[in-house]
Number of protein chains: 4
Amino acid sequence: MNTLGHNFRLTTFGESHGLAVGGIIDGCPANIKLDFDAIEAELARRRGGNDETTQRQEPDKVDFLSGLLNGITLGTPIAFIIKNSDARPGDYECLREYCRPGHADFTYQARYGIHDHRGGGRSSGRETVARVVAGAISKQILKNQNINIAATVDSLAPQKPDDTRGGVISCRVDGLRAGIGNPVFGRLNAALAFAAMSIPSATAFEMGIGTAASTMTGSEYVDQWLPDGHTVTNHCGGIQGGISNGMPIEFRVHFHAAPTLPRPIDCLSSDGKISTIEVKGRHDLCHIHRLPVVVEAMTALTIIDFLNT
Amino acid sequence: MNTLGHNFRLTTFGESHGLAVGGIIDGCPANIKLDFDAIEAELARRRGGNDETTQRQEPDKVDFLSGLLNGITLGTPIAFIIKNSDARPGDYECLREYCRPGHADFTYQARYGIHDHRGGGRSSGRETVARVVAGAISKQILKNQNINIAATVDSLAPQKPDDTRGGVISCRVDGLRAGIGNPVFGRLNAALAFAAMSIPSATAFEMGIGTAASTMTGSEYVDQWLPDGHTVTNHCGGIQGGISNGMPIEFRVHFHAAPTLPRPIDCLSSDGKISTIEVKGRHDLCHIHRLPVVVEAMTALTIIDFLNT
Amino acid sequence: MNTLGHNFRLTTFGESHGLAVGGIIDGCPANIKLDFDAIEAELARRRGGNDETTQRQEPDKVDFLSGLLNGITLGTPIAFIIKNSDARPGDYECLREYCRPGHADFTYQARYGIHDHRGGGRSSGRETVARVVAGAISKQILKNQNINIAATVDSLAPQKPDDTRGGVISCRVDGLRAGIGNPVFGRLNAALAFAAMSIPSATAFEMGIGTAASTMTGSEYVDQWLPDGHTVTNHCGGIQGGISNGMPIEFRVHFHAAPTLPRPIDCLSSDGKISTIEVKGRHDLCHIHRLPVVVEAMTALTIIDFLNT
Amino acid sequence: MNTLGHNFRLTTFGESHGLAVGGIIDGCPANIKLDFDAIEAELARRRGGNDETTQRQEPDKVDFLSGLLNGITLGTPIAFIIKNSDARPGDYECLREYCRPGHADFTYQARYGIHDHRGGGRSSGRETVARVVAGAISKQILKNQNINIAATVDSLAPQKPDDTRGGVISCRVDGLRAGIGNPVFGRLNAALAFAAMSIPSATAFEMGIGTAASTMTGSEYVDQWLPDGHTVTNHCGGIQGGISNGMPIEFRVHFHAAPTLPRPIDCLSSDGKISTIEVKGRHDLCHIHRLPVVVEAMTALTIIDFLNT
């Protein structure tokens, strides 16, 4: 449940205001010299830094505990931890008996009969830091095979005073050869949808031209052949029948705005009382800028898992 | 790769113009009296019947080979087959050396070094008949728990002469209690996205209000509490943090038009020649009407798998 | 639960006196021409034929329903069925309310709240016919890679009048290169133990010298090096740290006697009454002779799964 | 590959002389108050302490990083690490180019093209410390359900001067109800065999009377009914058809002696030279005494995984 992948597997752990977050990568190929600077750079991308993004300032230093000898992968599990040095669990004391709207406090309580009220606990976006570490390693391995992944902010919801906003991330994979994917329940497009929708606040996934496809006739939609096996258009986003066709992989992911507003919010208590509470925790006005590196990480983890098959 | 689920598992097999399609259901609860009429009714829904849908006319008779004693489930694997009585593989002889545009002929060839040229082989929508059988059984079990699943055609692309068209299916699940789903890589919304995008010709998945969420501010998006734990709106589609919240599950799936047009099409040969070929095979002018029951089946299989955990 | 393997997967189905037994092989490499005569020959080995083995006489004809084009694998799921032409469920009518000793009637009833009283149902050795089909295909693929698997009857319990007997099967794999296996919970020896102990009536598994190792000192046990990387002895049976070392894989499997005796047996009713019942069903006096091909099949399925990783 | 279980999963990491060993437990039930003293006590059992056992002296302090709030499980992943405080990698410098006999140095090198020469790296028994932590938690949960697991040293190889020795561990589970296990590839006995054979130096697994069963007739072997559903004897070890029958689960595991002898040993270099080398590392004269708690841990992890289904 906290493991992604079959052959290149990431298992993550950690609550937002616990001691640490981190993960174990199992199935990483051996004899790869890791570029630790590249990992740090990816973490910096996730951390953001302008005024609109997170107010939480943590160095996100990664400690690798296993799986490496002199910085070279051994093929054994790579465990890593990132300490939550800037955790301030006390900020959330007022939420001990309340569930915020738009968050997972309520559903975790329903699922487990207990939930960590400190900043969303396991459901916080803080958890994605482990994905970014594993994604950075995956991207490095894919890059050695001339497979490149790039995601960017495609659009943002209108900015309004005192409020947070949603947006769209588009992602493109270049260099993936034709023939990657597995019918009928191992489709690459389905796995990418799963990976993207596993990111907190994702609301929609579009493969290729996505929603526009449903408004087209067959003549308009079908990608016509070029003699070299490529196609004139790439409406399908590089995947047919669940298998890559050699064109760039292209998809978009929609995200809703961060649900914690910078003002008092109406929370629900366990005995059915709705109270207006001002939560002190630090939150993103616009977390969308921090998401491209997360989308890239999830994409990289998905593709390397398929290639390892 | 051809298995869906962890605790309630469906493994399917079969090519469009081979001897049979079918599957094995493993993990079905014991002591359930199957309603075979309901299964046949679901197959009839999939088969369609008006002029715009499929020209292939098969009774789709299901033979159950195991897992039952006097129509009651034993808890052991339920194997079933549906013979391809109306297969006409000869119709596809002209495609032996060619790949059609918009189909998976090319990608299967790239993946396996061989492909079944007869009507798409394994990649044909014919394969979904096995999903519908398993989905019908799943729905019956869910209905016993007052969980109901209903999908409908939400919109269709404009009709044009001599052409096929895409469309949108919306789906709703009523009666699922709060607390179903598993963070962080076992999210119910991600699993539904995976299931939906595993349907041939799916191009986009929207959870709740889906793509519209990316254009909203937090204040506009967040579903506010009612004292009973329900919410005023259901923008999130009934799932928060990957776990159901007790509201109806709501999502939409976009599908592109059937890529086989009822006129000669430009196909690609293995030596890079593009030739215009008229394929005799029978095809849907609008397959969208046949998809609600498939969307329901994939939804039912996903939810029963989560409940069996 | 009825699926073996990760990359080369066999899912089986079927009760002893139901309509059919069979399975689906998923993950079989594409472009392999199957030798159907070899499959039939393996089934004949399993069927036995001398007086001491089974009294059930079935042709065990295999019908392949999918995954093949002109006898060549497509890479898609290979479904196959073997009809139970000689089933005589009526022979077991007397057992409808009783559980036999030494059989799984009682445990299936405890597990599922229902059980198929007809000849053991799913728990019957009849089910292994599907394993033998998949094993025959696996062995053919392994043989193409110069990997050969051979199992023989190592010893038999003393024969006594009017009784059944146990025995030991030894198995050897030649040609497996060093480096196959995965620490720490993906060990090849553990997977072989799992596969062997999954055969009905298996009671013990010995890797290499097996039980004798526990009576030795380190000096006596350790396999000393030869300069070519092989070892002087092969006490470990070709696997160290869960990974093959290039020596032959060697192990032994112990089996208890068939529990159905050719005389009246004391059975337990659901209300706690013990009655002496004479079951008409046909049973093996010595099923050990039929087991080498089953052990080979399970070994082949295990090794091909590791090689497909 | 480094993950055990499906519903209660343990993923472990760590090399013997790296920074730390540890693991992630995923699927642990929520709302359980952990007994940390009991965990420490289990680690002490594993550590041993008399002269014949390990010379390595480490406090084995466990740090829990996630999944707990005030010592109570949240249902989220429980990550834990144990630092290798007494690691002396320098002791193994002489082995950088050599593979020891009877160890996994050679097979890891063959598998990964690289291996950690420091004390066996990942293949060291040191790794079992993570299993013991997870096993201790599992046993606590099982004990709450009146399921108790106890393993003891059954026999030891004769002691000889200057040498190590093998032995046998027997294990018994009391309190497991009838009906636990899944045919045909999810058998409880097969899973126990897998778990036991996954312990370093295991060479054989015997279920119930084990190897003796192969020398018996059916009349001698079959466990006869008592009216309460129990049996007169327990030759089968409490499992029939892969499913528990309500009798105690009983099995034995054979282990070979520790392969590192307290004297110079003949090692193999990568260029095929055999040299006599004295390795400074600290090793067990008899590691058998440390194994009961490991066998119990693997048993507990297996059974809790089946119960969580």
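Just so we're on the same page: letters track the sequence lines, and every chain starts at 1.
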Okay, C/D163 and chain D: the region with an atom under 4.5 Å from a heavy atom over there is side chain
Closest non-hydrogen atoms of C/R111 and D/G181, given as atom of the first, atom of the second and distance, are NE-O, 2.8 Å
Bottom line for C/I239: the part with an atom under 4.5 Å from chain D's heavy atoms is neither
Here the pair of heavy atoms bringing C/G241 nearest to D/Y108 is O-CE1, 4.2 Å
Only residue of D/H256, D/R165, D/H254 satisfying side-chain hydrogen bond (donor to acceptor under 3.5 Å, both in side chains) with C/S214 is D/H254
So, the part of D/Y112 with a heavy atom under 4.5 Å from chain C: the answer is side chain
Applying a strict 4.5 Å limit to non-hydrogen atoms, the region of C/S155 in contact with chain D is neither
Turns out that what part of C/E127 lies under 4.5 Å from chain D's heavy atoms comes down to side chain
Applying a strict 4.5 Å limit to non-hydrogen atoms, the region of C/I274 in contact with chain D is side chain
Any chance you could lay out the side-chain contact (heavy atoms from CB on, under 4.5 Å) test for C/M197 and D/M197, step after step, and finish with the verdict?
CA-CA 12 Å; C/M197 293 300 288; D/M197 293 300 289; over 6 Å; no
Heaviest contributor of heavy-atom pairs below 4.5 Å to chain D, chosen from C/V222, C/T215, C/V184, is C/V184
Next on the checklist: Quiz question: by atom type and distance under 3.5 Å, do the side chains of C/S219 and D/R263 form a donor-acceptor pair?
Outcome noted: yes
Cut-off 4.5 Å, heavy atoms of chain D, and the answer for C/S123 is neither
Open item on the list: Taking the side chain as everything from C-beta on, heavy atoms only, tell me whether D/R9 gets closer than 4.5 Å to C/F185.
Closed with: no
Turns out that what part of C/A258 lies under 4.5 Å from chain D's heavy atoms comes down to backbone
**Asked** How about D/P101 and C/Q240: do any of their side-chain heavy atoms sit closer than 4.5 Å?
**Response** no
The interface call for C/R131 against chain D, heavy-atom contacts under 4.5 Å, is side chain
Okay, C/C267 and chain D: the region with an atom under 4.5 Å from a heavy atom over there is backbone
Applying a strict 4.5 Å limit to non-hydrogen atoms, the region of C/Y221 in contact with chain D is side chain
